[in-house]
Amino acid sequence: MKIIIIGGVAGGATAAARLRRLNETDEIIIIEKDKYISYANCGLPYYIGDVIKEKERLLVQTVEGMSQRFNLDVRINSEVTSINRSEKKISIMKTLTKEVYEESYDILILSCGAKPIRPNIKGLSDADNIFTLKNVDDTVAIKDFIIKNKIKRASVIGGGFIGIEVAENIVNLGVQTTIIEKMPQVLRPLDFETAQIVHRELNTHGINLILNDGLNEFFDKGHKIKLDSSSIIEADIVIMALGVVPENALAKSANLMLGKRGHVIVSDTFNTFGNDGSIVNDIYAIGDMIEVKNPLDDSSYSVPLAWGANRQGRILADHINGHAIKKSRILGSNVLKVFDLTVASTGANEVTLKEKKIDYTAIHAHRANHASYYPNSTNISLKIIYDKQSGKIFGAQAIGREGVEKRIDVIATVMRLNGTIYDLSDLELCYAPPYSSAKDPVNILGYMAENIQEDAYKVVYHDQIDDLVAKGGLLIDVRTNLEYENGHISGAKNIPIDEFRNRVSEITVSKETPIYVMCQVGVRAYLALRILSSLGYKDIYNLSGGYTTYKNYKYQTRQNVTSDEHINNGGDDNMTQVSSNSIIEVDVQGLQCPGPLMATYKAIQNISVGSQIKVIASDPSFMEDVGNWCSTNGHTLISKTSDNGKYIAIVQKGNEVKCGVTLNSQENATIVVFSGDLDKLIASMIIAQGAAAQGKKVTMFFTFWGLNALRKPKKVKVSKTIIEKMFGWMMPRGADKMPLSNMNMAGIGAKMIKGIMKTKNVDDITTMMQKAQEVGVKFIACTMSMDLMGIKKEELIDGIEYAGVATYISKNENVGTTLFI
Ligand SMILES: Cc1cc2nc3c(=O)[nH]c(=O)nc-3n(C[C@H](O)[C@H](O)[C@H](O)COP(=O)(O)OP(=O)(O)OC[C@H]3O[C@@H](n4cnc5c(N)ncnc54)[C@H](O)[C@@H]3O)c2cc1C
């Protein structure tokens, strides 16, 4: 039999080798238009960045080597220009001489791949600096252009796999690089909150990231790029990485059936079809040029990745040699290196499931890659999406430094074997401290899913929580005070988990009211939820992935990375500012947030003002946290660098060390507002605002008659006992209705004082209270007095917190000033 394969790289070369192994006598010819066969296209970007130093290493097989070993007729620099289906012949043009000849076939295999998209953009044809990346020649051309022209600024258009790999490698050559992406995120297989971690990593390594803005026009020979927003980006080199389209010209001219996006449609045995729908028994197609089946719902889609091409090459050879083959389904498992991070995913993401209107549950987890007590453990952020009814896994995403792809590989295996989330907890995976934990992160995902399935709690997501809190939902943050102070969700009430049992009385909502609980990653919140559940609370939710996922979701992408947002790779521009005295080194590798911050805080207590500490962390979010922490606590972040996956921050102790308000807040003030008199309330507001203006943290604790100041002016419908209703009628509704302590004269005195305040341009009491809140004064309503006086939460103004005596005492522990009014 004479078998001709068009395309000699991933699918084509694999098919040829397998065909020969299965049959010694067939005539096998590979026709390849390029000058290389079987090269490592996946390694091309790394040659640009000098990670792969010799071009020859990209050539997996030479023509001679492959021809000899597998007894193949390999013809490079040869392009197939047409297929004559009725005569079973192809025309081949020798690309160097343009000579054309014909070759007959018994079986024809198309593995022509895909080509980079080059849109019809104004100014593209005049440009002298625009490249795409598909093969070895493109790679060499890009690298030569950068080096010969001493390129300083590059723009990569498109934030897919190739765009990001190229951008990273160009940065490694010392070129300032901008990625321009039309969508709100890079890497479409990921959901937004996972992609946000990639955005941060790109910014961290100095890449400017422009999202939501597409390429519109080139001018100045490609050295200026106009975007849809009309902004202009200057670039000495432009790499177009807008995705790929199938290389389908031959298939089209041979009247083979194509799908909506131009891919060749094939049967389960890779036979092509004619335009009339009839099967073509002697022409097969594989690889990037075909439509594949999505295991989610058997729909057609394309997955231009190497695994599919290689797998199809092999099983097609089996089929041609009479072996039974399994139906091929492609999950789209993928992995990518993004500087110090690895990002991997498999199966469907939320976006796809929403488009397909498939119901799902998603879980986020943040776990150490191996036992956290063993040195150098790092964090992996994982997400799994599954069917709530059957437990079938739809997809998973993971990002971190080590062990990321291993976890996705395990989940992809479970998916391939039609497993469910219930199988995840039962997987017996290898364990020793340097490699994993006795409960591997994949097991943990299984346990979490089981808890949700067993209705131990429900989940609420990072993109829902702000709205829920804004509408009055109760969100309890069970992290430590330090964690809370270093960043929290607006409106969240902080009850640290270790105080939770003693302070649970501060939760005054009914047992049926929804309660949202959060911590850093979800573990402590789960404990709090169990306590609430045992107390009879029925509608309780864990914030999926905790503050870590929420913070990732909220990351603000940088279009112009400045030097202090940018971690230097391997070097340190600011070394001149680093103290020449010996610096105390704090190694917090392996600790997850807030561990590194706590350690930094403790270490800085032990040095004098002006001295420096060097903190070495492995948690990338520490780099962001340490900057915020320094600026709010009066220290200076001298430098931040990354060295082989270690994040190093040098911090200089400042003069004005505020160091965590709740830990050392001698300068803060608490005002207990007990009185229900207008004049006393005015006095307390004036003092509160004055103290806040001096930088003090002020907490006003409203109790008994003082609670009236917080009442809404209009009646609110709430259920009350008769006594509570009577109390309500007798008490003033809000600050504006409060009487004077002296000379009230049935309200005339209060009116007089308000008039005087107006003429003297003093704010009225309501404005005073608003202004106090705007400058950060915290209003806390005493829940115990509310209960005694029959005042309900719904009756009080917005933007206040609710707490019991324990909170008052804890706030009061380290304050310098306490007033009882
Ligand atoms: C820069 C880069 C990085 C990548 N990185 C990864 C990665 O990390 N992981 C991953 O899974 N995938 C990666 N891929 C994708 C992967 O390389 C492809 O999915 C895979 O190579 C597809 O195999 P294929 O056989 O379909 O096509 P290819 O391997 O592209 O081979 C097609 C060949 O057909 C030849 N050809 C086309 N038309 C004709 C014709 N008319 N006559 C003769 N010859 C013809 C072409 O010259 C080409 O050499 C990457 C691709 C690129 C370009």
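Ligands are counted one by one from 1 in listed order, and the atoms in each one are counted from 1 as well. Residues: numbered from 1 along the sequence shown.
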J.: Which of the numbered atoms in ligand 1 are under 4.0 angstrom from any heavy atom belonging to G7?
T.: 33 (C), 34 (O), 35 (C)
J.: Is there a side chain to side chain contact (heavy atoms under 4.5 Å, CB included) between V9 and N135 once you walk through the steps?
T.: CA-CA 10 Å; V9 188; N135 56 28; over 6 Å; no
J.: Checking the N or O distance criterion of under 3.5 Å, is ligand 1 in contact with L44?
T.: no
J.: Heavy atoms only: which of I76, N248, N41, V303 is nearest to atom 17 (O) of ligand 1?
T.: N41
J.: Looking at Q185, K383, Q397, which one forms a side-chain hydrogen bond (donor to acceptor under 3.5 Å, both in side chains) with E193?
T.: K383
J.: State whether D440 and R407 are salt-bridged, where the test is any N-O pair (Lys NZ or Arg NE/NH1/NH2 against Asp/Glu carboxylate O) under 4.0 Å.
T.: yes
J.: Counting heavy atoms only, name the option from S78, C112, G12 that's nearest to atom 38 (N) of ligand 1.
T.: C112
J.: Decide whether an N or O pair under 3.5 Å exists between G287 and ligand 1.
T.: no
J.: If the contact criterion is a heavy-atom separation under 4.0 Å, does P116 count as touching ligand 1?
T.: no
J.: Start with the C-alpha gap between R401 and N379, add the side-chain angles, then the distance that decides, and say whether side chain to side chain contact (heavy atoms under 4.5 Å, CB included) holds.
T.: CA-CA 7 Å; R401 285 222 343 245; N379 190 52; over 6 Å; no
J.: What are the atoms of ligand 1, with element, lying closer than 4.0 Å to any heavy atom of I31?
T.: 43 (C), 44 (N)
J.: What do you reckon, does D34 have a nitrogen or oxygen under 3.5 Å from a nitrogen or oxygen of ligand 1?
T.: no
J.: Look at atom 48 (C) of ligand 1 and say which protein heavy atom is nearest, naming residue and atom and giving the distance to 0.1 Å.
T.: E32 OE1, 3.6 Å
J.: I need the atoms of ligand 1 closer than 4.0 Å to a non-hydrogen atom of L133, numbered in the order shown.
T.: 1 (C), 53 (C)
J.: Are D191 and V351 side-chain neighbours, meaning at least one heavy-atom pair lies under 4.5 Å?
T.: yes
J.: Which bit of D288 gets closer than 4.0 Å to ligand 1, counting heavy atoms only: side chain, backbone, both or neither?
T.: both
J.: Numbering the atoms of ligand 1 from 1, which are under 4.0 Å from a heavy atom of P304?
T.: 15 (C), 19 (O)
J.: Tell me which protein heavy atom sits closest to atom 11 (O) of ligand 1, plus the residue, atom name and distance to 0.1 Å.
T.: A306 N, 2.8 Å
J.: What are the atoms of ligand 1, with element, lying closer than 4.0 Å to any heavy atom of S111?
T.: 24 (P), 25 (O), 26 (O), 31 (O), 32 (C), 33 (C), 34 (O)
J.: Thinking salt bridges, do D236 and K150 make one under a 4.0 Å N-O criterion?
T.: no
J.: Just jot down the ligand 1 atoms closer than 4.0 angstrom to any heavy atom of A309, in number order.
T.: 22 (C), 23 (O)
J.: For R75, check side chain to side chain donor-acceptor pair (under 3.5 Å) against everything at least two apart and list the hits.
T.: D73, Y101, E103
J.: Looking at ligand 1, would M289 count as a contact under a 4.0 Å heavy-atom criterion?
T.: no
J.: Indicate yes or no: at least one non-hydrogen side-chain atom of I109 is less than 4.5 angstrom from one of F270.
T.: no
J.: If we count only N and O atoms by modelled type, under 3.5 Å, do the side chains of S436 and K406 hold a donor and an acceptor together?
T.: no
J.: List every atom of ligand 1 that sits less than 4.0 Å from any heavy atom of L250, numbering the atoms from 1 in the order shown and giving each element.
T.: 41 (N)
J.: So is E79 polar-close to ligand 1, meaning N/O to N/O under 3.5 Å?
T.: no
J.: Taking distance alone, no hydrogens or angles, what donor-acceptor pairs closer than 3.5 Å link side-chain atoms of residues 315-326 to residues at least two apart or in another chain?
T.:
from	atom 1	to	atom 2	distance (Å)
D318	OD1	R18	NE	2.7
D318	OD1	R18	NH2	2.9
N321	ND2	A317	O	2.9

J.: Mind listing the closest non-hydrogen atom pair of L211 and P184 along with its distance?
T.: CD1-O, 3.3 Å
J.: If you measure only the distance, is there a donor-acceptor pair under 3.5 Å linking the side chains of S91 and S82?
T.: yes
J.: Looking only at heavy atoms, is any part of I6 under 4.0 Å from ligand 1, and if so is it the side chain, the backbone, or both, or is it neither?
T.: side chain
J.: Could you walk me through whether K152 and Q176 satisfy the side chain to side chain contact (heavy atoms under 4.5 Å, CB included) test, starting with their C-alpha distance in whole Å, then the side-chain angles of each, then the deciding distance to 0.1 Å, before giving a yes or no?
T.: CA-CA 6 Å; K152 293 268 176 301; Q176 174 61 59; over 6 Å; no
J.: Hey, does G11 come in under 3.5 Å of ligand 1, counting only N/O atoms on both sides?
T.: yes
J.: Do M415 and F394 have side chains that get closer than 4.5 Å, going by heavy atoms?
T.: no
J.: Which protein non-hydrogen atom lies closest to atom 31 (O) of ligand 1, naming both residue and atom, and how far is it?
T.: V9 CB, 3.5 Å
J.: If you measure every N/O of E247 against every N/O of ligand 1, is any gap under 3.5 Å?
T.: no
J.: Check whether any N or O atom of K33, backbone or side chain, sits under 3.5 Å from an N or O atom of ligand 1, and answer yes or no.
T.: yes
J.: Tell me which protein heavy atom sits closest to atom 14 (N) of ligand 1, plus the residue, atom name and distance to 0.1 Å.
T.: C42 SG, 3.7 Å
J.: What is the closest protein heavy atom to atom 52 (C) of ligand 1, and at what distance does it sit?
T.: I162 CD1, 3.6 Å
J.: Would V80 count as a polar contact of ligand 1, with the cut-off being nitrogen or oxygen pairs under 3.5 Å?
T.: yes
J.: So which protein heavy atom does atom 30 (O) of ligand 1 come closest to, and at what separation?
T.: K134 NZ, 2.5 Å
J.: Under 4.0 Å between a side-chain nitrogen and a carboxylate oxygen: does that hold for R329 and D298?
T.: yes
J.: Between S345 and N334, does any side-chain donor sit less than 3.5 Å from a side-chain acceptor?
T.: yes
J.: Looking at atom 27 (O) of ligand 1, what's its closest protein heavy atom, distance included?
T.: G113 CA, 3.1 Å
